[in-house]
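Contents: one structure, followed by commentary.
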Amino acid sequence: MPTPKHPESAAITIFGARGDLTQRKLIPALYNLYLDGHLPEKFAIFCVDFVTIGEQEYRDEMLKGVNEFSRSGKAGPNTWAGFAKRVQYIQGDFQQDVTYTTLRSKIKEFEQGRGIRMFYFAVAPRFIEVISDELCKNKLCTIDTHHRVVVEKPFGTDLASARKLNRYLSSRFQEKQIFHIDHYLGKEMVQNILAFRFANHIFDPLWNKDFIDHVEISVAEEVSVGKRGGYYDTSGALRDMIQNHLLQLLCIIAMDCPKAYEAEAIRDSKVKVLKNIRMMTDKEVFTNVVRGQYTQGEVQGEQRVAYREEPNVSPESNTETFVAARLFIDNSRWKGVPFFLRTGKSMPRQSSVIMVQFKESPNAIFKDNNVPNRLVISIQPELEIGLVFESKVPGLHMQLVPVKMNFMYTDNYSQSLPEAYETLLLDVLEGDATSFMRTDQIEAAWKVVMPILDAWKASPSKQLRFYPAGTWGPSEADSLLKPHAKDWYKLEAPPRVTQNMKSIE
Ligand code: BG6
């Protein structure tokens, strides 16, 4: 594994400094990196946004964000003071030259010699091009691998717009300078899947069509669209979650072992998976993909309005808040193995789980051996890897019951886990692109979802299924699994048990 290169100095610029992402995620992540001693000795954070606000007032807003959202809890006054003095607010219009000349003089004043420059685009997609242009024009981000831009999703709204954006960025920066963030790739358990799969040889020989019956990837969200109706109604779950997060999870589960633990090799392996996903015809879209939208209901005791009644959502909206899809990867490892993906909002609880179901045992010597082995990887909120297998019930007769052998983070590690954004921001500073999406990966992922987008666009309300908020989605999603399973792996909260092995019946 390459040793990370700790930079000596870093000038971090955040465009969109007053946005939600900055307050909830970026500043708390940078603060925690500072707290744990991961930021360089010399660093400055330049926060750029339209709004006129005093520097102290801005820092206070950010402190509120840290106190509310940081995993390390409320900031200590001294540590915060040490961090906050490096935060500078720059009021500026992203479309005006003067914003960049001011930024440039501040960066120049801060820098001594060659340090890292990170430019984080926490902005609406329409600003990406103008900011990129200005960064080039003002020689803020030059063709230098020490100068890096970080781009948040959405990377386009379809294949054509993603290509256009990618061309735009690649004509200004080198691929090595562009870090496309998919925060799922920074999640601790997602990173562990690579270690789990490729550092433990026992699973390697089983990881294919001969032993695996099917794979389920579920990302259930308890939250509704909330205040994001304006964005979400033009996006929907397919673009918002499947095209990026779920397809990335699929790549990690399905990829071949990369040639090395190195960014390009890992991304090469992932892109191969995407390129091998079978394309659907219009007709196949309606038999392989279920779309749903939540109606009113109750989630964890709280009343929820229907999606169509959410602020900034059209009352006739056909936008999907739920998607379940059956995909096939046409390569020799996975031929014929279905990968079931599902995601939805306003579900009973937050839970992201990958379940790998193995084929049934060919040994028919036990009459009640009817539960296939399952490997369950829980990404959040629990971080666990469990293996379900048959075991003899203690007693005088041979009777079997499925049990689960569990590896839980809480039992094995005492340290608090870094947030995805901490891991990813540090990776950018260290120039490690392993957990970022390469341009070709983004385009390959769009190619996978384009037939679905096109078919839905042509028939906007065809087979749009409704599910009450607080349920696991429309029942049609269960039918997709046939004949491999009757229903999806249950995402209920695990029972509180202390033993390492328990019966699951
Ligand atoms: C974002 C989506 O990318 O991921 C949101 O835009 C979604 O709609 C979020 O809620 C889910 O992330 P997490 O980390 O809460 O599972």
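Computed over heavy atoms, backbone and side chain alike; hydrogens, waters and symmetry mates excluded. Just so we're clear, the structure is a prediction, and the values are computed from it rather than from any experiment. Both ligands and their constituent atoms are indexed starting at 1 by order of listing.
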* Asked: Partners of Arg197 by side chain to side chain contact (heavy atoms under 4.5 Å, CB included), sequence neighbours excluded?
  -> Ile193, Trp207, Met255, Arg333

* For ligand 1, what are the residues with a heavy-atom contact below 4.0 Å? -> Lys153, His183, Tyr184, Lys187, Glu221, Arg228, Asp240, Met241, His245, Lys345, Gln380

* To do: Taking only Lys NZ, Arg NE, NH1 and NH2, and the carboxylate oxygens of Asp or Glu, determine whether Glu443 and Arg163 approach each other closer than 4.0 Å.
  =>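 A salt bridge links Glu443 with Arg163.
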
* Test item: Glu61 side-chain N/O and Gln23 main-chain N/O as donor-acceptor pair under 3.5 Å -> no

* Asked: Got a sec, which pairs hit side chain to side chain donor-acceptor pair (under 3.5 Å) with one end in residues 451-460, sequence neighbours left out?
  -> none

* Who passes side-chain hydrogen bond (donor to acceptor under 3.5 Å, both in side chains) against Arg342, sequence neighbours left out? -> Ser218

* To do: Report yes if some heavy atom in the side chain of Arg239 is under 4.5 Å from a heavy atom in the side chain of Leu453; otherwise report no.
  =>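 A side-chain contact exists here, since the closest heavy-atom pair is under 4.5 Å.
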
